[in-house]
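Notes for the one structure printed next.
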Amino acid sequence: MSIEHSQSAFEKAQQLIPGGVNSPVRAFKSVGGIPRFIASGEGGYLIDIDNNRYVDYVQSWGPLIFGHRDESIENAVIDAVKRGLSFGAPTEAESELAELIISIYDSIEKIRFVSSGTEAVMSAIRLARGFTGRDDIVKFTGCYHGHSDALLVQAGSGAVTFGTPSSPGVPADFTKHTLLAEYNNIDSVRQCFADSPGIACVIIEPIAGNMGLVPATKDFLAELRAVCNEYGALLIFDEVMSGFRACLHGAESITGTKPDLVTLGKVIGGGMPVGAFGGRRDIMAHLSPEGGVYQAGTLSGNPVAMAAGLAAIRKLKSNARLYTVLEERAKRLTEGFANAAKENAIPLQTDVRGSMFGFFFAENHIANFADALTSDTDRFARFHAAMLDEGFYFACSQFETGFICSATTDAMIEETIAAADKIFKEL
């Protein structure tokens, strides 16, 4: 497989863009090799600028649940573009998408659109602080909620600690109100509440996708809800990745736990840049201009993103069985991987939630970020490179999630399993 043009493009990009990429993971640093520069997407495939074709299990990191260039979404975008790219004024499409999402998500009574998941989470936390009048927040190690200052923190030597910045440029004062707990460990959460008298909210990915796929257990989320109720803190579900990906009605419908606020992104833009946060009506009433908590964005709710989102969510709502089909294919893929790994004496842990799947080269079940860090990242890097050479495009990090789209066929799944089996023999 020749990647001459991608090599040249990457060399040029590095002279113009820090690291040659506009989002760090794309640089392939954790897996080695040269990132493929993409020319186009087609259904379940990517085609790079060297004309190599790959079965795509990244799907733009989640939003393309119908694959690349879905006709209904594409037509909706073209029609919207013909009417104008952006107005900086209200359109009916904003209310139509809001009404559609509210009709599907039981925990959302009002919603505000933004342009990214980072904005959605940042704004939801500000709203939680404004609503409660408290400053501290609790997040979990291994959960990623965007790159806003208060959330770029890492754990100290203990399981629970006040956050310290994990990126230069983030003042310690910005993270001193962020407390860290261990995913799926309710005792660590209770310790946070013991350490702080003023916790505004707990934010969690109920289906974590940024330490690999690691779902929270039903019991843990139920206990988390009870703790928040006990102390008067809000519970925020970050479903920027999992919303409309794991299932139609959100993590609440899988876990039985109802959050106070939800953040969304990815799928609700049909591939366009978009995010949203919503929740209880009394909480959302504190948001400007109805209340005093300020949030704004010139391109929020822009007509092109709204058109793409409407096309995508309408299609999902009219075909709820799609999630069953996608989950069956995701399970077939991961079971195929697990069987092939077992035959070759390679430890492998897998999990699936709807159209989301994950796998770790690890001996034991993965329940939190500390467990995820025990995985063999060198073996993953070798596997990733070999699968890329065979024509299969997986996320370029052990700590990311894979995605099945409606254009991923049974034949593609079988081809992927066969390639993995071949590579496992060499690993």
Side-chain angles (χ1 to χ4, degrees), residues 57 59-67 70 73 97-109 111 117 120 143 183-184 204-210 212-222 224-225 235-271 274-279 309-335 350-358 400-408 413:
Y57 289 108
Q59 292 296 325
S60 190
W61 304 94
L64 307 182
I65 197 165
F66 297 108
D70 174 77
I73 297 173
L97 184 55
E99 185 176 35
L100 183 58
I101 292 172
I102 290 168
S103 74
I104 294 170
Y105 261 73
D106 289 341
S107 52
I108 298 179
E109 296 176 341
I111 192 168
C143 285
Y183 201 74
N184 280 323
I204 187 171
E205 289 181 274
I207 303 170
N210 289 287
L213 182 66
V214 183
T217 68
K218 289 184 178 181
D219 288 346
F220 172 70
L221 289 175
L224 191 58
R225 175 74 273 176
L235 177 59
I236 303 175
F237 275 7
D238 181 348
E239 291 210 70
V240 167
M241 184 179 288
S242 64
F244 292 101
R245 250 300 175 180
C247 64
L248 182 64
H249 298 285
E252 176 186 349
S253 66
I254 297 175
T255 66
T257 294
K258 185 172 185 174
D260 299 299
L261 292 171
V262 179
T263 63
L264 296 169
K266 309 292 185 183
V267 179
I268 69 162
V274 73
F277 62 103
L310 276 167
I313 304 304
R314 283 170 176 164
K315 194 168 181 177
L316 286 171
K317 189 175 182 179
S318 67
N319 185 18
R321 175 167 158 66
L322 175 64
Y323 290 98
T324 302
V325 174
L326 297 185
E327 184 168 24
E328 287 171 354
R329 289 178 182 161
K331 286 181 176 178
R332 176 71 192 102
L333 177 67
T334 54
E335 287 169 3
T350 67
D351 214 332
V352 168
R353 286 296 183 278
S355 61
M356 303 169 68
F357 69 88
E400 294 288 352
T401 297
F403 302 94
I404 304 289
C405 73
S406 64
T408 308
I413 299 291

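Side chains included, hydrogens not; waters and symmetry mates left out as well; all remaining heavy atoms used.
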Exercise. Using a 4.5 Å cut-off on heavy atoms from C-beta on, say whether the side chain of Ile404 contacts that of Tyr57.
Key: yes
Quiz item: Under 4.5 Å between any side-chain heavy atoms of Thr257 and Pro206, yes or no?
Solution: no
Exercise. Please report the shortest heavy-atom distance between Thr334 and Gly358, naming the atom on each side.
Key: CG2-O, 4.3 Å
Quiz item: Sequence neighbours excluded, which residues qualify as side-chain hydrogen bond (donor to acceptor under 3.5 Å, both in side chains) partners of Ser355?
Solution: Arg245
Quiz item: To the nearest 0.5 Å, how far apart are CD1 in Ile254 and OG in Ser242?
Solution: 7.5 Å
Quiz item: If you count the non-hydrogen atoms of other residues, nucleotides and ligands that lie under 6.0 Å from CD in Glu99, is the total more than 12?
Solution: no
Quiz prompt | Spacing of Ser406 atom OG and Asn319 atom CG [to the nearest 0.5 Å] | solution = 8.5 Å
Quiz item: Taking atom CD of Glu400 and atom CG of Leu213, what is their separation to the nearest 0.5 Å?
Solution: 11.5 Å
Quiz item: In Å and rounded to the nearest 0.5 Å, what is the CG to CD1 distance from Leu100 to Ile313?
Solution: 6.5 Å
Quiz item: Going by heavy atoms in the side chains, are Leu316 and Leu322 under 4.5 Å from each other?
Solution: yes
Practice problem: Kindly give the heavy-atom pair with the smallest separation between Leu248 and Ala320, and that separation in Å. | Solution: CD2-CB, 4.3 Å
Practice problem: Assess whether side-chain contact (heavy atoms from CB on, under 4.5 Å) is satisfied between Ile65 and Phe244, documenting all intermediate values. | Solution: CA-CA 9 Å; Ile65 197 165; Phe244 292 101; 6.0 Å; no
Quiz item: Tell me, do Phe403 and Met356 make a side-chain contact under 4.5 Å, heavy atoms counted?
Solution: yes
Quiz prompt | Shortest non-hydrogen separation from Leu326 to Cys405 and the atoms involved | solution = CD2-O, 3.5 Å
Quiz item: Under 3.5 Å, is there a donor-acceptor pair between the side chain of Glu239 and the main chain of Ala251?
Solution: yes
Self-check item: Step-by-step side-chain contact (heavy atoms from CB on, under 4.5 Å) determination, Ile236 to Phe277
Solution: CA-CA 10 Å; Ile236 303 175; Phe277 62 103; over 6 Å; no
Quiz item: Can you check side-chain contact (heavy atoms from CB on, under 4.5 Å) on Arg225 and Asp260, steps first, answer last?
Solution: CA-CA 10 Å; Arg225 175 74 273 176; Asp260 299 299; 2.9 Å; yes
Quiz item: How are the rings of Phe220 and Tyr183 set relative to one another: parallel (under 30°), tilted (30 to 60°) or perpendicular (over 60°)?
Solution: tilted
Exercise. Search all heavy atoms of Ile413 against all heavy atoms of Thr408 and return the closest pair with its distance.
Key: CD1-CG2, 3.8 Å
Quiz item: Does some side-chain heavy atom of Cys143 sit less than 4.5 Å from a side-chain heavy atom of Asp238?
Solution: no
Quiz item: Less than 4.5 Å apart, any side-chain heavy atom of Phe237 and any of Ile204?
Solution: yes
Quiz prompt | Heavy-atom neighbours of Lys315 NZ exceed 12 at 6.0 Å | solution = yes
Self-check item: Nearest atoms (heavy-atom pairs only) where Gln59 meets Gly67
Solution: OE1-CA, 3.4 Å
Exercise. Drop me the distance from Ile268's CD1 to Ile111's CD1, to the nearest 0.5 angstrom.
Key: 5.5 Å
Quiz item: Regarding Thr324 and Glu327, is there a side-chain donor-to-acceptor distance under 3.5 Å anywhere?
Solution: no
Quiz item: Rounded to the nearest 0.5 Å, how far does CD of Glu205 lie from CG of Asn210?
Solution: 4.5 Å
Practice problem: Mind listing the closest non-hydrogen atom pair of Gly250 and Tyr105 along with its distance? | Solution: CA-OH, 3.2 Å
Self-check item: Side-chain heavy atoms of Leu221 within contact of Lys258, under 4.5 Å
Solution: no
Quiz item: Do Lys266 and Val240 touch side chain to side chain, with heavy atoms closer than 4.5 Å?
Solution: yes
